[in-house]
Colleague: 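Sharing a structure below in C-alpha coordinates format, with a few things to ask.
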Amino acid sequence: MTLEDFRDPGRVRVLLGAIRQEAEPLAQRLGRPLQIMEVCGGHTHAIFRFGLDQLLPKSIEFIHGPGCPVCVLPVAAVDQALALAERGLVLASFGDPMRVPGTHMSLLEAKAKGMDVRILYSPLDALALARKEPGRQFVFFSIGFDTTMPAAACSLLAAAREGLGNLRFLCHHIRLMPTLEALLTAGELRLDGFVGPGHVATVIGAGAFAPVAARHGKPLVIAGFEPVDFLQALYQLLLQLKEGRCAIENAYGRVVSEAGNLAAQAAIAQAFEEGVDAEWRGLGLVPGSGVRVREAFRDWDAAPLLAFDTLPQRRPEPCQCSQVLIGRLKPNQCPHFGKGCSPQHPLGALMVSTEGACAAYHQYKEAIHG
(Lines give C-alpha, C1' and ligand atoms only; values in the text may rest on other atoms or scores of the structure.)
Protein backbone atom coordinates (compact mmCIF):
# COMPACT_ATOMS: atom_id res chain seq x y z
CA MET A 1 0.00 0.00 0.00
CA THR A 2 1.12 3.58 -0.66
CA LEU A 3 0.90 6.62 1.59
CA GLU A 4 -2.18 7.72 -0.36
CA ASP A 5 -3.87 4.43 0.50
CA PHE A 6 -3.45 5.15 4.22
CA ARG A 7 -5.12 8.56 3.64
CA ASP A 8 -7.75 7.34 1.23
CA PRO A 9 -11.10 9.11 1.95
CA GLY A 10 -13.09 6.03 0.97
CA ARG A 11 -11.27 3.80 3.46
CA VAL A 12 -11.59 6.50 6.11
CA ARG A 13 -15.36 6.76 5.55
CA VAL A 14 -15.80 2.99 5.85
CA LEU A 15 -13.83 2.86 9.10
CA LEU A 16 -15.66 5.87 10.54
CA GLY A 17 -18.98 4.19 9.81
CA ALA A 18 -17.86 0.98 11.49
CA ILE A 19 -16.52 2.89 14.50
CA ARG A 20 -19.72 4.88 14.86
CA GLN A 21 -21.76 1.68 14.75
CA GLU A 22 -19.74 0.09 17.56
CA ALA A 23 -19.09 3.14 19.73
CA GLU A 24 -22.64 4.40 20.26
CA PRO A 25 -24.05 1.21 21.88
CA LEU A 26 -20.93 0.88 24.06
CA ALA A 27 -21.27 4.45 25.32
CA GLN A 28 -24.98 3.96 25.97
CA ARG A 29 -24.22 0.82 27.94
CA LEU A 30 -21.62 2.67 30.03
CA GLY A 31 -23.76 5.79 30.40
CA ARG A 32 -20.84 8.00 29.37
CA PRO A 33 -18.45 8.56 26.46
CA LEU A 34 -15.71 5.97 25.98
CA GLN A 35 -12.41 7.13 27.47
CA ILE A 36 -9.56 6.20 25.14
CA MET A 37 -5.97 7.23 25.79
CA GLU A 38 -3.75 7.80 22.77
CA VAL A 39 -0.40 7.31 24.46
CA CYS A 40 1.86 8.82 21.81
CA GLY A 41 2.15 12.53 21.08
CA GLY A 42 2.45 11.64 17.40
CA HIS A 43 -1.09 10.28 17.56
CA THR A 44 -2.32 13.44 19.29
CA HIS A 45 -0.84 15.47 16.45
CA ALA A 46 -2.36 13.15 13.81
CA ILE A 47 -5.83 13.35 15.40
CA PHE A 48 -5.89 17.14 14.99
CA ARG A 49 -3.85 17.37 11.80
CA PHE A 50 -6.27 15.14 9.91
CA GLY A 51 -9.36 16.44 11.72
CA LEU A 52 -10.20 13.00 13.09
CA ASP A 53 -11.59 14.52 16.27
CA GLN A 54 -14.18 16.30 14.12
CA LEU A 55 -15.12 13.14 12.25
CA LEU A 56 -15.39 10.69 15.13
CA PRO A 57 -18.58 10.39 17.19
CA LYS A 58 -18.94 12.29 20.45
CA SER A 59 -19.30 8.94 22.17
CA ILE A 60 -15.48 8.66 22.03
CA GLU A 61 -13.39 10.96 24.18
CA PHE A 62 -9.61 10.98 23.87
CA ILE A 63 -7.26 11.37 26.82
CA HIS A 64 -3.95 12.74 25.59
CA GLY A 65 -1.30 10.56 27.20
CA PRO A 66 2.24 11.29 28.37
CA GLY A 67 3.93 9.98 25.23
CA CYS A 68 5.82 13.10 24.17
CA PRO A 69 9.33 13.08 25.65
CA VAL A 70 9.77 16.83 25.41
CA CYS A 71 6.47 17.43 27.22
CA VAL A 72 7.48 15.36 30.23
CA LEU A 73 11.08 16.62 30.43
CA PRO A 74 11.45 17.90 34.00
CA VAL A 75 12.64 21.40 34.83
CA ALA A 76 15.52 19.89 36.81
CA ALA A 77 16.92 18.23 33.68
CA VAL A 78 16.95 21.53 31.81
CA ASP A 79 18.60 23.19 34.81
CA GLN A 80 21.33 20.53 34.78
CA ALA A 81 22.03 21.16 31.10
CA LEU A 82 22.14 24.90 31.74
CA ALA A 83 24.58 24.41 34.62
CA LEU A 84 26.97 22.58 32.29
CA ALA A 85 26.64 25.24 29.60
CA GLU A 86 27.28 27.98 32.16
CA ARG A 87 30.49 26.18 33.08
CA GLY A 88 31.78 26.67 29.51
CA LEU A 89 31.11 23.21 28.10
CA VAL A 90 29.53 22.97 24.66
CA LEU A 91 25.94 21.82 25.22
CA ALA A 92 24.38 20.04 22.24
CA SER A 93 20.95 18.48 21.79
CA PHE A 94 17.93 18.13 19.53
CA GLY A 95 15.92 21.23 18.66
CA ASP A 96 12.80 20.65 20.77
CA PRO A 97 14.41 20.46 24.24
CA MET A 98 16.13 23.76 23.51
CA ARG A 99 12.83 25.60 23.99
CA VAL A 100 11.66 23.84 27.15
CA PRO A 101 11.59 26.35 30.02
CA GLY A 102 14.05 25.75 32.87
CA THR A 103 13.79 27.50 36.21
CA HIS A 104 15.31 30.73 34.91
CA MET A 105 15.56 30.27 31.16
CA SER A 106 15.60 27.79 28.30
CA LEU A 107 18.70 26.51 26.51
CA LEU A 108 17.75 28.63 23.52
CA GLU A 109 17.73 31.72 25.73
CA ALA A 110 21.10 30.64 27.12
CA LYS A 111 22.40 30.48 23.56
CA ALA A 112 21.13 34.02 22.97
CA LYS A 113 23.07 35.10 26.05
CA GLY A 114 26.29 33.82 24.50
CA MET A 115 26.64 30.29 25.88
CA ASP A 116 27.82 27.66 23.40
CA VAL A 117 24.61 25.72 22.79
CA ARG A 118 24.27 23.79 19.54
CA ILE A 119 21.29 22.11 17.86
CA LEU A 120 21.92 18.68 16.37
CA TYR A 121 19.79 16.18 14.46
CA SER A 122 21.34 13.04 15.91
CA PRO A 123 23.61 11.91 18.76
CA LEU A 124 25.99 10.79 16.01
CA ASP A 125 26.48 14.48 15.13
CA ALA A 126 27.91 14.96 18.62
CA LEU A 127 30.60 12.40 17.79
CA ALA A 128 31.51 14.36 14.68
CA LEU A 129 31.75 17.60 16.67
CA ALA A 130 33.97 16.03 19.30
CA ARG A 131 36.31 14.64 16.65
CA LYS A 132 36.44 17.97 14.79
CA GLU A 133 37.15 20.11 17.87
CA PRO A 134 39.33 18.00 20.19
CA GLY A 135 40.17 21.05 22.29
CA ARG A 136 36.56 21.60 23.39
CA GLN A 137 34.52 19.62 25.92
CA PHE A 138 31.09 18.55 24.61
CA VAL A 139 27.98 17.32 26.40
CA PHE A 140 25.09 15.77 24.50
CA PHE A 141 21.79 16.39 26.33
CA SER A 142 20.23 13.02 25.57
CA ILE A 143 16.47 12.73 26.04
CA GLY A 144 13.60 10.67 24.69
CA PHE A 145 11.72 7.41 25.08
CA ASP A 146 12.75 3.94 24.01
CA THR A 147 12.54 5.22 20.43
CA THR A 148 15.55 7.55 20.59
CA MET A 149 17.50 5.54 23.14
CA PRO A 150 19.14 3.15 20.61
CA ALA A 151 20.84 6.01 18.71
CA ALA A 152 22.11 7.50 21.97
CA ALA A 153 23.35 4.10 23.12
CA CYS A 154 25.17 3.42 19.85
CA SER A 155 26.77 6.88 19.94
CA LEU A 156 27.93 6.42 23.52
CA LEU A 157 29.36 3.00 22.71
CA ALA A 158 31.13 4.44 19.65
CA ALA A 159 32.62 7.27 21.73
CA ALA A 160 33.93 4.69 24.19
CA ARG A 161 35.38 2.49 21.43
CA GLU A 162 37.18 5.50 19.92
CA GLY A 163 38.32 6.72 23.31
CA LEU A 164 36.86 10.18 22.68
CA GLY A 165 37.73 11.98 25.87
CA ASN A 166 35.91 15.23 25.12
CA LEU A 167 32.33 13.98 24.79
CA ARG A 168 29.89 13.07 27.57
CA PHE A 169 26.19 12.26 27.64
CA LEU A 170 23.73 13.92 30.04
CA CYS A 171 21.24 11.07 30.05
CA HIS A 172 17.57 11.78 30.74
CA HIS A 173 16.03 8.96 28.76
CA ILE A 174 12.81 7.43 30.02
CA ARG A 175 10.86 4.28 29.28
CA LEU A 176 7.18 4.23 28.52
CA MET A 177 6.01 0.91 29.93
CA PRO A 178 6.82 1.65 33.59
CA THR A 179 4.85 4.86 33.26
CA LEU A 180 1.79 3.22 31.76
CA GLU A 181 1.88 0.73 34.60
CA ALA A 182 2.27 3.53 37.15
CA LEU A 183 -0.72 5.40 35.71
CA LEU A 184 -2.84 2.27 35.77
CA THR A 185 -1.74 1.28 39.27
CA ALA A 186 -2.53 4.75 40.62
CA GLY A 187 -6.09 4.30 39.42
CA GLU A 188 -6.62 8.03 38.84
CA LEU A 189 -7.64 7.57 35.22
CA ARG A 190 -10.99 6.18 34.11
CA LEU A 191 -9.82 4.54 30.92
CA ASP A 192 -11.50 1.98 28.71
CA GLY A 193 -8.46 1.25 26.56
CA PHE A 194 -5.32 2.44 24.83
CA VAL A 195 -4.26 3.25 21.30
CA GLY A 196 -0.66 2.04 21.63
CA PRO A 197 2.44 4.00 20.57
CA GLY A 198 3.73 2.81 17.21
CA HIS A 199 7.17 4.36 17.48
CA VAL A 200 8.04 2.94 20.90
CA ALA A 201 6.59 -0.44 19.89
CA THR A 202 9.01 -0.56 16.96
CA VAL A 203 11.85 -0.87 19.47
CA ILE A 204 10.35 -2.77 22.40
CA GLY A 205 7.93 -4.95 20.39
CA ALA A 206 4.19 -5.56 20.74
CA GLY A 207 4.81 -8.27 23.32
CA ALA A 208 6.22 -5.75 25.80
CA PHE A 209 2.75 -4.31 26.34
CA ALA A 210 1.36 -7.61 27.66
CA PRO A 211 1.09 -6.39 31.30
CA VAL A 212 -1.37 -3.66 30.27
CA ALA A 213 -3.91 -6.33 29.42
CA ALA A 214 -2.83 -9.20 31.65
CA ARG A 215 -2.15 -7.28 34.86
CA HIS A 216 -4.38 -4.23 34.51
CA GLY A 217 -7.22 -5.54 32.41
CA LYS A 218 -7.08 -2.85 29.71
CA PRO A 219 -7.09 -3.57 25.96
CA LEU A 220 -4.43 -1.91 23.81
CA VAL A 221 -4.08 -1.79 20.03
CA ILE A 222 -0.82 -0.50 18.52
CA ALA A 223 -1.38 2.04 15.75
CA GLY A 224 0.51 3.77 12.98
CA PHE A 225 0.25 7.48 12.28
CA GLU A 226 -1.84 7.83 9.14
CA PRO A 227 -5.65 8.19 9.32
CA VAL A 228 -6.40 4.63 8.17
CA ASP A 229 -3.78 3.27 10.61
CA PHE A 230 -5.27 5.10 13.55
CA LEU A 231 -8.91 4.40 12.73
CA GLN A 232 -8.23 0.70 12.12
CA ALA A 233 -6.59 0.44 15.56
CA LEU A 234 -9.49 2.32 17.16
CA TYR A 235 -12.00 0.00 15.47
CA GLN A 236 -10.15 -3.08 16.73
CA LEU A 237 -10.14 -1.58 20.22
CA LEU A 238 -13.91 -1.06 20.11
CA LEU A 239 -14.44 -4.64 18.95
CA GLN A 240 -12.49 -5.85 21.98
CA LEU A 241 -14.66 -3.75 24.28
CA LYS A 242 -17.84 -4.97 22.58
CA GLU A 243 -16.81 -8.61 22.88
CA GLY A 244 -15.53 -8.24 26.44
CA ARG A 245 -12.01 -9.17 25.40
CA CYS A 246 -8.82 -7.66 26.73
CA ALA A 247 -5.73 -8.23 24.61
CA ILE A 248 -2.72 -6.55 23.03
CA GLU A 249 -3.25 -6.30 19.29
CA ASN A 250 -0.93 -4.93 16.64
CA ALA A 251 -2.53 -2.87 13.86
CA TYR A 252 0.87 -1.58 12.74
CA GLY A 253 2.31 -4.90 11.66
CA ARG A 254 4.15 -3.48 8.66
CA VAL A 255 6.57 -1.82 11.11
CA VAL A 256 6.13 -3.41 14.55
CA SER A 257 7.02 -7.02 15.31
CA GLU A 258 6.17 -9.04 18.40
CA ALA A 259 9.75 -8.99 19.73
CA GLY A 260 10.76 -5.54 18.49
CA ASN A 261 14.21 -4.50 17.33
CA LEU A 262 16.59 -6.90 19.06
CA ALA A 263 19.76 -5.10 17.92
CA ALA A 264 18.45 -1.83 19.35
CA GLN A 265 17.49 -3.52 22.59
CA ALA A 266 20.99 -5.03 22.86
CA ALA A 267 22.67 -1.62 22.37
CA ILE A 268 20.44 -0.08 25.06
CA ALA A 269 21.21 -2.89 27.47
CA GLN A 270 24.96 -2.56 26.87
CA ALA A 271 25.08 1.22 27.39
CA PHE A 272 22.39 1.88 29.99
CA GLU A 273 21.33 0.47 33.33
CA GLU A 274 17.55 0.20 33.53
CA GLY A 275 15.07 0.43 36.41
CA VAL A 276 16.14 3.85 37.67
CA ASP A 277 13.50 6.05 39.29
CA ALA A 278 12.95 9.12 37.10
CA GLU A 279 11.05 12.35 37.43
CA TRP A 280 8.51 13.25 34.76
CA ARG A 281 7.20 16.78 34.35
CA GLY A 282 3.59 16.75 35.44
CA LEU A 283 3.67 13.20 36.80
CA GLY A 284 6.38 13.39 39.44
CA LEU A 285 8.66 10.50 40.28
CA VAL A 286 7.86 7.35 38.29
CA PRO A 287 9.58 4.28 39.77
CA GLY A 288 11.79 2.34 37.38
CA SER A 289 11.04 4.53 34.37
CA GLY A 290 14.54 5.92 33.84
CA VAL A 291 17.96 4.69 32.79
CA ARG A 292 21.50 5.77 33.56
CA VAL A 293 24.86 5.32 31.89
CA ARG A 294 26.48 2.10 33.06
CA GLU A 295 29.43 2.41 35.41
CA ALA A 296 31.71 0.91 32.75
CA PHE A 297 31.17 4.08 30.70
CA ARG A 298 31.51 6.56 33.55
CA ASP A 299 34.10 8.56 31.58
CA TRP A 300 31.37 9.40 29.04
CA ASP A 301 28.68 10.17 31.63
CA ALA A 302 28.02 13.88 32.32
CA ALA A 303 26.08 13.22 35.55
CA PRO A 304 29.22 13.04 37.78
CA LEU A 305 30.13 16.56 36.63
CA LEU A 306 27.04 17.82 38.47
CA ALA A 307 27.80 16.15 41.78
CA PHE A 308 28.75 19.39 43.50
CA ASP A 309 26.47 21.81 41.63
CA THR A 310 23.67 23.61 43.44
CA LEU A 311 20.77 23.81 41.04
CA PRO A 312 18.11 26.56 41.20
CA GLN A 313 15.25 26.11 43.64
CA ARG A 314 12.18 25.00 41.78
CA ARG A 315 9.22 27.26 41.25
CA PRO A 316 5.67 26.13 40.57
CA GLU A 317 4.80 25.99 36.89
CA PRO A 318 2.39 28.77 35.90
CA CYS A 319 0.35 26.62 33.53
CA GLN A 320 -1.51 23.38 34.11
CA CYS A 321 0.41 20.85 32.00
CA SER A 322 0.23 18.27 34.76
CA GLN A 323 -3.57 18.23 34.72
CA VAL A 324 -3.60 17.92 30.93
CA LEU A 325 -1.11 15.04 31.04
CA ILE A 326 -3.37 12.90 33.24
CA GLY A 327 -6.53 13.78 31.35
CA ARG A 328 -8.17 15.98 33.97
CA LEU A 329 -8.09 19.06 31.76
CA LYS A 330 -8.28 19.73 28.05
CA PRO A 331 -5.50 22.03 26.79
CA ASN A 332 -7.87 24.87 25.91
CA GLN A 333 -9.32 24.74 29.44
CA CYS A 334 -6.01 25.97 30.90
CA PRO A 335 -6.37 29.70 31.69
CA HIS A 336 -3.04 30.46 29.98
CA PHE A 337 -3.82 28.61 26.74
CA GLY A 338 -3.41 30.91 23.73
CA LYS A 339 -2.91 33.92 26.01
CA GLY A 340 0.30 33.90 28.01
CA CYS A 341 1.21 30.46 26.63
CA SER A 342 1.66 29.91 22.88
CA PRO A 343 4.11 27.99 20.66
CA GLN A 344 6.08 31.22 20.24
CA HIS A 345 6.23 31.85 24.00
CA PRO A 346 5.58 28.53 25.77
CA LEU A 347 5.07 28.63 29.53
CA GLY A 348 4.84 24.85 29.76
CA ALA A 349 6.38 21.92 27.94
CA LEU A 350 3.12 20.80 26.33
CA MET A 351 3.24 23.91 24.18
CA VAL A 352 6.87 23.40 23.09
CA SER A 353 6.83 20.28 20.95
CA THR A 354 4.62 19.85 17.90
CA GLU A 355 3.59 16.56 19.49
CA GLY A 356 2.48 18.27 22.70
CA ALA A 357 -1.27 18.26 23.28
CA CYS A 358 -1.37 22.03 23.85
CA ALA A 359 0.68 22.79 20.72
CA ALA A 360 -1.58 20.52 18.65
CA TYR A 361 -4.70 22.21 20.04
CA HIS A 362 -3.18 25.63 19.36
CA GLN A 363 -2.14 24.82 15.81
CA TYR A 364 -5.55 23.49 14.88
CA LYS A 365 -7.71 25.49 17.31
CA GLU A 366 -9.69 27.16 14.52
CA ALA A 367 -10.91 23.75 13.47
CA ILE A 368 -11.61 22.82 17.08
CA HIS A 369 -13.62 25.91 17.86
CA GLY A 370 -14.99 26.47 14.38
Side-chain angles (χ1 to χ4, degrees), residues 68-144 148 151-152 155-156 159 162 164-173 279 281 293 298-319 321 336 340-356 358-359:
C68 166
V70 175
C71 300
V72 295
L73 186 65
V75 172
V78 179
D79 288 342
Q80 287 180 5
L82 285 165
L84 295 170
E86 286 170 345
R87 196 182 293 181
L89 281 72
V90 183
L91 201 291
S93 192
F94 304 118
D96 277 349
M98 296 287 177
R99 300 176 62 238
V100 178
T103 300
H104 297 306
M105 65 179 122
S106 68
L107 284 165
L108 210 56
E109 290 167 330
K111 180 178 177 66
K113 291 178 182 294
M115 296 181 213
D116 198 341
V117 176
R118 305 187 192 183
I119 298 174
L120 305 181
Y121 291 101
S122 162
L124 290 170
D125 294 340
L127 288 171
L129 280 177
R131 294 183 194 116
K132 186 178 179 182
E133 301 179 54
R136 302 295 306 276
Q137 293 292 320
F138 292 86
V139 172
F140 183 75
F141 185 27
S142 199
I143 76 159
T148 54
S155 301
L156 189 151
E162 290 184 35
L164 275 177
N166 63 332
L167 174 61
R168 289 175 181 256
F169 291 77
L170 180 60
C171 177
H172 278 283
H173 285 288
E279 184 186 350
R281 186 187 292 246
V293 176
R298 182 180 174 84
D299 290 346
W300 291 273
D301 185 2
L305 301 179
L306 295 158
F308 302 104
D309 280 46
T310 302
L311 297 176
Q313 190 170 4
R314 297 186 198 178
R315 295 180 300 194
E317 288 189 81
C319 50
C321 288
H336 299 285
C341 187
S342 68
Q344 292 74 34
H345 301 286
L347 293 179
L350 290 182
M351 193 61 92
V352 171
S353 167
T354 55
E355 293 188 358
C358 293

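We use all heavy atoms of the structure for the numbers below, so side chains are in, but hydrogens, waters and symmetry mates are not.
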Colleague: To the nearest 0.5 Å, what is the distance between CD (Q80) and NE2 (H172)?
Modeller: 3.5 Å
Colleague: Does F138 reach the side chain of L164, with side-chain heavy atoms less than 4.5 Å apart?
Modeller: no
Colleague: From L84 CG over to Q137 CD, what is the distance, rounded to the nearest 0.5 angstrom?
Modeller: 11.5 Å
Colleague: Rounded to the nearest 0.5 Å, how far does CZ of R136 lie from CG of L167?
Modeller: 13.0 Å
Colleague: If only atom types and distance count, is the side chain of R168 paired as donor or acceptor with the main-chain N or O of V139 below 3.5 Å?
Modeller: no
Colleague: Quick check for you: to the nearest 0.5 Å, what is the distance between L124 atom CG and L129 atom CG?
Modeller: 11.5 Å
Colleague: Just verifying a value: how many Å separate R281 CZ and C71 SG, rounded to the nearest 0.5 Å?
Modeller: 9.0 Å
Colleague: Do you know which two heavy atoms are closest between P101 and P346, and how far apart they sit?
Modeller: CG-O, 3.7 Å
Colleague: May I ask you to check whether over 12 heavy atoms, not counting those of R298, lie within 6.0 Å of atom CZ?
Modeller: no
Colleague: Can you confirm whether D125 sits close enough to R118 that some side-chain heavy atom of one is under 4.5 Å from a side-chain heavy atom of the other?
Modeller: no
Colleague: Quick check: do I143 and V70 have side-chain heavy atoms less than 4.5 Å from each other?
Modeller: yes
Colleague: Quick one, L82 and V78 - any side-chain contact, counting heavy atoms below 4.5 Å?
Modeller: yes
Colleague: Might you point out which heavy atoms bring F140 and A126 nearest each other, and give the distance in Å?
Modeller: CD1-CB, 4.0 Å
Colleague: What heavy-atom pair brings H173 and G144 nearest, and what distance separates the two atoms?
Modeller: ND1-O, 3.1 Å
Colleague: Starting at CE of M105, measure out to CG of D79 and round the result to the nearest 0.5 Å.
Modeller: 9.5 Å
Colleague: What closest approach, in Å, do S142 and A152 show between heavy atoms, and which atom pair accounts for it?
Modeller: OG-CB, 3.3 Å
Colleague: With a 3.5 Å cut-off and sequence neighbours excluded, list the donor-acceptor pairs that the side chains of residues 89-100 form with protein atoms.
Modeller:
from : atom 1 : to   : atom 2 : distance (Å)
S93  : OG     : F141 : O      : 2.7
R99  : NH1    : V352 : O      : 3.1
R99  : NH2    : P343 : O      : 2.1

Colleague: Could you pull out the closest heavy-atom pair between A303 and D301, with the gap in Å?
Modeller: N-OD1, 3.0 Å
